[in-house]
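Quantities reported herein were computed from a predicted structural model and do not represent experimental measurements.
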Amino acid sequence: MGCASSRPKRYSVKGKCKSKSKRKSLIPEVAVFVPALRVPLPVDLIHALRGLVSRDVLDKLSTLRGRLIQLSAEDDLLNVSRISQIRQALEEYLPVLLGLTNKEKGLDALVQFKWKNLEDDEEFSVACAWYEVLSVVHAMAMLSLLEANSMLLPRETSDGSERKVSEDSKKDVVDLLIKASGCLEYCVHHILVQIPIQVRKNLPSNLQQGTLEAICIQTLGQGVEMQLGLASESDKATLSVKRRLACELVAYFSQAHYILSGCDTSDSYGKKLLSFIKWKFLEAKAAAYYYHGLVVDKGNEPSCHISAVCCLCTADDLLNESKRVCLSFCLATPVTRVPAPWGVMKHLHKKIPDVAYKRSQMYAYLFEQDKNATLQSLPDLPEFQLSLRPEPYELPNADHLWESEDCGPQIQSLKDHLEDEDEHES
């Protein structure tokens, strides 16, 4: 907490607390990857802003942030209703907070805002209102990912059978993913640039530009993964459509992996995210070569059938490698359960090895006739324009209470001063 008579320091970091709570893993099973959640910690708003803003603004700011802290302190964050409550609290707090970012008011560096990672309890605080805005919008994105993940997790029904995720729910998950991607994209292009360079360099790794960009693209990739799963269950979706989606999926995860590889992933969640993206990239490439092989096999030339076998066998190899990487991902800290195949992979885990074996047997004579066929290079996957884009996000307008604020020194009655002291001490 800062003192009224001293300017707060620019930023500070605290390591793992000795009194670290033994929390249960927030993500026991992963369908949609959710980076480490961050929650706000109490800060001294009264001493930092008293006499500079009206009592109405200070009360509203303190009440809304206090409400956010209270909701975030609950353990049951996987509950969809709790996620909705926290999201609403963030949305109500943000317009009041934005008044502090107005440079003309000169309030942006007066409050030492503090947040911590739930997984390792590492705290980071900095006297920068834009850091608080970044943390709030980032939290909105993480809540969307958390909700998407909870909607896809298998749950047992009353009769003991596995719950099936409806088509409408899967489409809702896609909406949540592109909404989260939009928030992250806005963080990168419109919020980070407002934070002083020196402060930006010292931000936690999960708030660094490269990490935010990688998660933004990975989130879009998971949206395409959902679309591919829906296409695999539809009789109307053609092989060409499925191949296109699978190839797009390869591009998304390849780009995300490239960006994240250049970032600091030394912490547990950084390593786990990198492993997750590698796993999903291998699955996507296996699906892409599988569907490409089926499309190529429709040709009449022997070379088409040979290329098809090469694609299908490659898909089988990639699938086996993806299973190994999946296990490594699950064993990486924080440990998560090995998920049952879902979406398109629930279909392809059986189809890829079966089809690869049958087509290899079917066209074995072509390889016997042409001894050079085994040396034929694997055909490149076709490239397609990426179709899924982040949902545009914009910050709300500052709360109307700020319209009458001149933010100059304000005369405070003795009664109000004593009330502020009582609130601060309590």
Side-chain angles (χ1 to χ4, degrees), residues 27 30-38 117 119-120 122 124 134 138 141-142 145 149 177-178 180-189 191-193 197 200-225 246-289 314 317-336 339 345 378 380-381 383-386 388-390:
I27 315 170
V30 174
V32 171
F33 188 87
V34 186
L37 295 173
R38 305 177 70 250
N117 281 343
E119 180 60 30
D120 58 11
E122 181 175 310
F124 183 87
L134 174 64
H138 178 267
M142 296 304 103
L145 296 181
N149 185 63
L177 291 170
I178 62 175
S181 182
C183 289
L184 293 169
E185 184 182 58
Y186 192 89
C187 287
V188 170
H189 297 294
I191 300 180
L192 275 179
V193 293
I197 295 177
R200 210 183 311 162
K201 289 179 180 178
N202 289 281
L203 289 173
S205 59
N206 54 356
L207 293 182
Q208 293 289 337
Q209 179 176 337
T211 304
L212 293 175
E213 288 178 342
I215 298 173
C216 174
I217 296 168
Q218 168 249 319
T219 300
L220 290 176
Q222 293 218 255
V224 175
E225 183 183 19
C247 289
E248 285 187 34
L249 194 53
V250 172
Y252 280 115
F253 284 122
S254 175
Q255 188 177 355
H257 190 274
Y258 174 78
I259 294 174
L260 193 62
S261 296
C263 302
D264 177 14
T265 56
S266 58
D267 63 304
S268 59
Y269 261 93
K271 294 175 181 176
K272 197 168 182 72
L273 175 58
L274 195 62
S275 182
F276 176 82
I277 293 176
K278 183 178 180 180
W279 164 36
K280 288 298 176 180
F281 169 74
L282 290 170
E283 280 192 344
K285 204 167 184 180
Y289 270 115
T314 298
D317 291 339
L318 288 166
L319 180 62
N320 289 327
E321 186 179 354
S322 74
K323 292 176 182 178
R324 290 191 291 271
V325 175
C326 173
L327 182 59
S328 297
F329 161 74
C330 293
L331 292 176
T333 305
V335 175
T336 48
M345 297 315 296
L378 183 69
D380 293 330
L381 291 171
E383 296 182 3
F384 299 97
Q385 184 175 358
L386 302 182
L388 206 59
R389 294 284 183 269

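- In this structure, Asn206 and Ala36 approach most closely via the heavy-atom pair ND2-O, 4.0 Å.
- Not a single donor-acceptor pair under 3.5 Å links the side chain of Ser275 to the backbone N or O of Lys271.
- Looking only at side-chain heavy atoms (C-beta outward), Val224 and Leu386 stay at 4.5 Å or farther from each other.
- The distance from atom CZ of Phe276 to atom CZ of Phe281, rounded to the nearest 0.5 Å, is 14.5 Å.
- Every residue two or more places apart in sequence or in another chain was checked for a side-chain hydrogen bond (donor to acceptor under 3.5 Å, both in side chains) with Ser254, and none qualifies.
- Shown here are the side chain to side chain contact (heavy atoms under 4.5 Å, CB included) partners of Tyr258, two or more places apart in sequence or in another chain: there are none.
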Which atom pairs, one a donor and one an acceptor, fall under 3.5 Å between side chains of residues 318-333 and the rest of the protein, sequence neighbours left out?
residue, atom, partner, partner atom, Å
Asn320, ND2, Asp316, O, 3.2
Ser322, OG, Leu319, O, 2.6
Ser328, OG, Arg324, O, 3.3

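- For the atom pair CG of Leu273 and NE2 of His257, the computed distance is 9.5 Å after rounding to the nearest 0.5 Å.
- Note on residues 274-288: pairs passing salt bridge (Lys or Arg N to Asp or Glu O under 4.0 Å), not counting sequence neighbours, are Glu225-Lys280, Lys280-Glu283.
- Nearest heavy atom pair, residue Gly221 against residue Phe253, reads C-CZ, 4.0 Å.
- Of all heavy-atom pairs spanning Thr219 and Ala180, the tightest one is CG2-CB, 4.3 Å.
- Looking at heavy atoms from C-beta onward, Gln218 lies out of side-chain contact with Tyr252 at the 4.5 angstrom threshold.
- Remark: the backbone N or O of Arg200 is paired with a side-chain donor or acceptor of Gln208 at under 3.5 angstrom.
- Within the 4.5 Å cutoff, the side chain of Pro35 has heavy atoms near those of the Ile215 side chain.
- The two residues Leu145 and Phe33 come nearest to each other via the heavy atoms CD1-O, 3.8 Å.
- With sequence neighbours excluded, the residues that form a side chain to side chain contact (heavy atoms under 4.5 Å, CB included) with Ser205 are Asp264, Asp267.
- In this view, Tyr186 and His190, Tyr393 satisfy the ring-ring contact (aromatic ring centres under 6.0 Å, His included) rule, not counting sequence neighbours.
- For Glu213, the side-chain hydrogen bond (donor to acceptor under 3.5 Å, both in side chains) partners two or more places apart in sequence, or in a different chain, are Gln209.
- Asn149 contributes a side-chain N or O that, together with a main-chain N or O of Ala31, makes up a donor-acceptor pair within less than 3.5 Å.
- Counted by atom type alone, Thr336 and Lys272 present one or more donor-acceptor pairs between their side chains at under 3.5 Å.
- In this structure, Leu212 and Leu207 approach most closely via the heavy-atom pair CD1-O, 3.5 Å.
- Ser181 places no side-chain N or O within 3.5 Å of a backbone atom of Leu177 that could act as its donor or acceptor partner.
- Partner Pro390 forms a side-chain contact (heavy atoms from CB on, under 4.5 Å) with one of Leu220, Ile178, Ile217 and no other, that one being Leu220.
- What you find for Gly210 and Ile259 is that their closest heavy atoms are O-CG2, 3.3 Å.
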